[in-house]
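Report on one structure; see the data block that follows.
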Amino acid sequence: STRWQPDIMMINALKDFTNIPVIYDPSHATGNKSFVAPIAQAATAAGCDGLIIEAHPNPVKSISDADQAITFEQLGLIVQKCNAINELINS
């Protein structure tokens with residue numbers, strides 16, 4: 001249950017030590033579709049510059065990483081919420 005431990009703090013550390021955009025992958029960081037949305041939102045709040053999220057039209061049938069793949073509808077909701085978080089933080 002502790003195989004994947006997303007390190008949100010590294011977003012700020014990388015931004016302090018580099019001048020490159022920090023792109024976060026909540027799909028692989030969690031390994032579980034149930035955690036993708038909240039960790040994507042946390043990474044956005046922490047200041048990541050973008051997200052990589054594994055989505056599939058039918059995640060159960062995905063031949064790669066089905067445990068962490070989300071539907072396109074779920075992806076749309078995550079994008080909306082992360083945009084709102086980003087807007088709030090940068091306003």
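Between the CG atom of D7 and the CG atom of L14 there is a distance of 9.0 Å, given to the nearest 0.5 Å. Note that CG of N12 is 10.0 Å distant from CE of M10, once rounded to the nearest 0.5 Å. Distance check, rounded to the nearest 0.5 Å: OG1 of T44 to CG of N86 gives 7.0 Å. Atoms CD1 and SG, on I89 and C82 in that order, are 9.5 Å from each other to the nearest 0.5 Å.
The shortest non-hydrogen separation linking P26 to I39 is CB-CG2, 4.0 Å. The two residues I11 and G47 make their nearest non-hydrogen contact at CG2-C, 3.8 Å. Minimum interatomic distance between A40 and I78 (heavy atoms only, all atoms of both residues): CB-CG2, 3.9 Å. Nearest approach of E54 to S27, heavy atoms of both residues: N-OG, 2.8 Å. Closest approach of A55 to T71, counting heavy atoms only: CB-O, 4.4 Å. Heavy atoms only, all atoms of each residue included: A69 and P59 are closest at O-CB, 3.4 Å.
Side chain to side chain, H56 and D65 fail the donor-acceptor criterion of an N or O pair below 3.5 Å. Between the side chains of T30 and N32, no donor-acceptor pair is found at a separation under 3.5 Å.
Applying the 6.0 Å contact sphere to NZ of K15 captures more than 12 heavy atoms from other residues, nucleotides or ligands.
Side chain of K61 to main chain of A66: no donor-acceptor pair is present (N/O by atom type, distance under 3.5 Å, no hydrogens or angles).
With hydrophobic clusters built from ILVMFWY side chains whose heavy atoms lie under 4.5 angstrom apart, I8 shares a cluster with L51. Taken together through direct or relayed side-chain contacts under 4.5 Å among Ile, Leu, Val, Met, Phe, Trp and Tyr, V22 and V79 form part of one hydrophobic cluster.
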